[in-house]
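Down below is the structure, laid out as structure tokens.
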Amino acid sequence: MRRYLKSATVYLLLSAGGLTMLVPFAWLILSSIKPLPEVMRYPPTFIPEQPTLDNFRQVFKTVPFGRYYLNSVIVSVPTTLVTVLTCTMAGFGFAKYRFAGRSVLFWVILSTMMIPYPATIVPLYVMAHRAGLVDSYAGLIVVHLSSAFGIFMMRQFLSTLPDEMMDAARIDGASEARILVQIVLPHAKPAMAALSLFTFTGYWNAYIWPLIVVNSERLKTLPIAIPEFSGQYFSFQNLINAASLMAIAPVLLIFLLAQRYMVEGIAFTGSKG
Amino acid sequence: MQEASRILYRVQRQSAPYLFVAPAVIFYLIVTVIPMVMGFWMSLHRWNIIGRRQIWLGLGNYVALFHDPSFWRSLYNSLVYAAGVVPAELVGGLLVAVLLNSGLRLRTFYRLIYYLPVITPVAVAAVIWRWIYDPYYGIFTWAVRTVGLGPRDWLNDTRTAMTAVMIVAVWGGIGFRMVVFLAALQGIPSTFYEAARIDGADTWQLFRAITLPLLKPAVLFVLITSFISSLQVFPLINILTGGGPLDATRVVVYDIFDRAFGDMRFGAAAAMSFMLFAVIMIISLLQWRFLGRDVTYE
């Protein structure tokens with residue numbers, strides 16, 4: 001009896017908290033299919049009375065939403081591939097070779113995670129300004145080419161790669177580049193998959209640097225465009241909801257499909273401090 | 001001929017690790033190390049982005065900050081924010097993790113729910129919450145009115161704005177802390193609990209005597225990282241309140257960006273960034289000193 005009571009309490013507490021976590025999502029999804037008058041009604045309706053998909057079409061007509069979407073894809077998809085590649089290469093180098101400066105370089109890269117971002121982002125803007133990168137795709141992308149977290153993660157993962165495999169390949173006359181392509185990359189696939197999920201999510205959600213480096217409408221990504229749009233068209237809450245839902249959808253879907261890998265990856269690096 | 005190919009092999013073998021780490025190292029050099037040094041150099045000048053010649057001030061920017069009420073105000077706001085958010089994230093994350101660890105069937109499902117806010121783009125989350133807080137149509141307003149509290153413009157009221165922002169921050173931050181605690185909880189051998197239970201310990205005693213001491217490294221990790229990220233909050237503030245009303249939510253990073261990109265005083269902004277860096281370092285070290293005495297990470 002006491003046992004049941006206990007587990008009932010646990011479920012009750014977790015559900016109450018979980019409901020709080022879910023309310024904004026549920027509210028967003030339900031409201032995105034309500035027509036404007038219903039969205040603006042008080043007291044609010046929860047289940048849509050006249051569900052419609054028209055909001056999703058209207059967003060594209062009201063603002064260049066397709067453009068924003070494309071920009072978000074441009075600054076997050078190719079850059080994710082580059083990041084995963086540079087992180088895997090560096091992780092491999094740090095894990096499996098001894099060379100002069102190895103620990104210093106690794107330590108420097110790791111310690112960059114502790115620097116508050118304003119200390120680098122303000123001068124980085126000045127540098128980008130001098131290099132003529134402000135308000136361009138190059139300027140948006142330049143900060144998305146590698147990640148300290150990813151290097152750390154790949155190094156940890158590739159430390160488990162058996163040296164014998166590499167030595168055997170060397171005896172057969174393989175170059176180091178060939179070892180990277182034919183042994184390391186296939187071996188690292190699960191870690192690379194997990195890293196690409198994190199990286200994509202991070203880049204898709206990026207807010208601060210795009211806010212600073214981009215001014216023109218044609219370069220805005222979703223996280224910049226949506227708050228602005230919601231400030232200008234605040235009386236069209238139905239459209240804001242539809243736009244928000246479409247902006248969240250990719251990361252939400254990826255997470256629902258692959259949450260095990262992502263959560264375990266975070267736990268893996270988080271628990272190691 | 002054979003000698004030549006042997007030398008070639010030696011060269012590629014020895015240069016390979018450098019070539020592998022080079023892209024990442026060059027990236028960090030350009031995007032972090034050089035900006036950091038340059039930022040410090042900027043902080044010693046009256047720095048104008050248009051002019052080529054910058055005026056040397058020495059420590060002038062730093063001295064000016066000490067006499068600047070706006071700086072103290074924003075530092076105070078940041079500390080208030082951290083004092084609210086950090087304990088809530090710590091206790092909340094720990095509570096959820098402990099509950100999830102008690103052998104549930106729906107564990108993965110609950111973990112998913114609590115983690116959803118973490119992967120949501122913070123800019124979009126802020127837009128949703130701004131609507132939740134809407135004084136006329138917001139669901140928060142509706143919920144509060146049903147228990148008899150008056151409607152209020154939560155984000156535009158100096159009495160409630162900061163708390164309203166903190167609620168959103170905790171909502172978005174608990175999931176990450178939960179995952180860290182869950183990983184740490186899984187590292188505790190179940191034999192510890194079994195032995196204590198045989199000795200007649202109840203649930204609360206188990207938590208006090210086994211769970212909490214063994215979670216100390218994770219608690220310290222969450223405490224320090226959560227503090228660091230709280231002191232750097234910006235996107236939520238920028239979208240939810242814009243530092244207002246009447247500077248009630250003007251936090252340090254908002255102040256820095258306002259100086260740099262609002263007033264074009266890049267030197268002053270850089271100096272303030274380094275002050276923030278110092279504050280973060282001092283607080284992290286203090287936490288480490290007083291709480292981490294017997295904590296080791298492998």
Side-chain angles (χ1 to χ4, degrees), chain A residues 10 13-14 17-18 21-22 24-25 27-28 40 42-44 86-87 89-90 92-94 97 99 105 108-109 112 115-120 122-124 126-127 129 143 145-146 151 175-176 201 204-205 207-208 212 223 226-227 230 237 240 244 247-248 251 255 259 263 266-267 270-271 273, chain B residues 12-13 16-18 20-21 23-25 27-28 31-32 35-36 38-39 42 49 96 99 102 110-117 119-124 126-129 131-132 136-137 139 142 179-180 182-184 221 232 234-235 239 253 256 260-261 266 269-270 273-274 276-277 280 297:
Chain A
V10 168
L13 282 173
L14 280 175
M21 295 286 132
L22 277 183
F25 296 103
W27 186 230
L28 176 70
M40 295 304 213
Y42 189 90
T86 58
C87 289
M89 280 167 63
F92 177 49
F94 285 124
Y97 293 90
F99 54 93
L105 290 177
V108 167
I109 289 178
T112 60
I115 301 168
Y117 63 86
T120 55
V122 172
L124 193 63
V126 174
M127 285 165 68
H129 183 83
V143 296
L145 300 175
S146 196
I151 295 167
S175 66
E176 305 304 306
T201 309
W204 184 266
N205 298 354
Y207 175 73
I208 295 168
I212 292 170
I226 286 179
S230 88
Q237 188 64 48
I240 297 165
S244 300
I248 297 183
V251 283
F255 181 66
Q259 63 122 350
V263 172
I266 286 183
S271 65
Chain B
Q12 73 88 22
R13 172 122 191 228
Y18 292 102
F20 291 156
V21 301
V25 169
F27 174 81
Y28 273 99
V31 169
T32 309
M36 176 108 169
M38 184 176 165
M42 281 166 67
I49 197 159
V96 176
L99 290 177
S102 60
Y110 279 112
R111 193 181 64 178
L112 174 95
I113 291 176
Y114 282 93
Y115 203 74
L116 273 181
I119 55 129
T120 307
V122 62
V124 180
V127 169
I128 302 168
W129 276 92
W131 181 48
I132 288 176
Y136 302 104
Y137 318 107
I139 193 174
W142 170 81
V179 169
V180 174
L182 267 179
F221 174 79
Q232 299 185 60
F234 173 74
I239 297 170
V253 177
I256 291 174
F261 305 106
F266 286 91
S273 307
F274 279 89
L276 174 65
F277 198 178
I280 286 176
Y297 295 92

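Nothing here was measured: the structure is a model prediction, and the numbers come from that model. Numbers restart at 1 for each chain; the letters A, B, ... are given by sequence-line order, proteins then strands.
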Interface moiety of [X] toward chain A, non-hydrogen atoms closer than 4.5 Å:
X	value
B/Leu99	both
B/Phe261	side chain
B/Ile256	side chain
B/Phe277	both
B/Tyr18	side chain
B/Val96	both
B/Ile128	side chain

Restricting to non-hydrogen atoms, name the atom on [X] and the atom on [Y] that form the minimum distance, rounded to 0.1 Å.
X	Y	answer
B/Pro117	A/Met21	CG-SD, 3.8 Å
A/Leu14	B/Tyr114	O-OH, 2.7 Å
B/Val127	A/Pro227	CG2-CA, 3.6 Å
B/Gln12	A/Glu176	OE1-N, 3.1 Å
B/Phe274	B/Met36	CZ-O, 3.5 Å

For each of [options], tally heavy-atom pairs with chain B at distances under 4.5 Å, and name the one with the top tally.
options	value
A/Thr86, A/Val108, A/Val126	A/Val126
A/Ile240, A/Leu13, A/Leu145	A/Leu145
A/Leu105, A/Leu28, A/Ile115	A/Ile115
A/Ala247, A/Pro223, A/Ala119, A/Pro118	A/Pro118
A/Ser146, A/Ser244, A/Gly93, A/Ala90	A/Ser146
A/Cys87, A/Pro43, A/Gly17	A/Gly17

Side chain, backbone, both or neither of [X] within contact of chain B (heavy atoms, under 4.5 Å):
X	result
A/Ile208	side chain
A/Tyr117	both
A/Tyr207	side chain

Which of the residues [options] is involved in the greatest number of heavy-atom pairs with chain A at under 4.5 angstrom?
options	answer
B/Ile280, B/Val122, B/Ile139, B/Leu182	B/Ile139
B/Phe234, B/Tyr137, B/Trp129, B/Phe266	B/Tyr137
B/Gly39, B/Ala16, B/Pro235, B/Ala24	B/Pro235

Evaluate B/Tyr115 against B/Tyr110 for side-chain contact (heavy atoms from CB on, under 4.5 Å), listing each step before the verdict. CA-CA 9 Å; B/Tyr115 203 74; B/Tyr110 279 112; over 6 Å; no
For the residue pair B/Phe20 and A/Phe92, does the interplanar ring angle fall in the parallel (under 30°), tilted (30 to 60°) or perpendicular (over 60°) class?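 Tilted: the ring planes of B/Phe20 and A/Phe92 meet at 30° to 60°.
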Please list, chain by chain and in numerical order, all residues satisfying side chain to side chain donor-acceptor pair (under 3.5 Å) with B/Thr120, sequence neighbours excluded.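 Applying side chain to side chain donor-acceptor pair (under 3.5 Å) to B/Thr120 gives none.
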List for me each residue that meets side chain to side chain donor-acceptor pair (under 3.5 Å) alongside B/Tyr28, sequence neighbours excluded, and say none if there are none.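 Once residues adjacent in sequence are excluded, B/Tyr28 has no partner under the side chain to side chain donor-acceptor pair (under 3.5 Å) criterion.
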Do A/Val122 and B/Met42 pass the side-chain contact (heavy atoms from CB on, under 4.5 Å) test, and can you show the C-alpha distance, the side-chain angles, and the key distance before you say yes or no? CA-CA 10 Å; A/Val122 172; B/Met42 281 166 67; 4.3 Å; yes
Out of curiosity, A/Ile151 CD1 to A/Phe94 CZ, how far, rounded to the nearest 0.5 Å?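 Answer rounded to 0.5 Å: 6.5 Å.
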Short side-chain to backbone donor-acceptor contact, A/Thr120 and A/Pro116, under 3.5 Å: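 Side chain of A/Thr120 to backbone of A/Pro116, a donor-acceptor pair under 3.5 Å: no, none is there.
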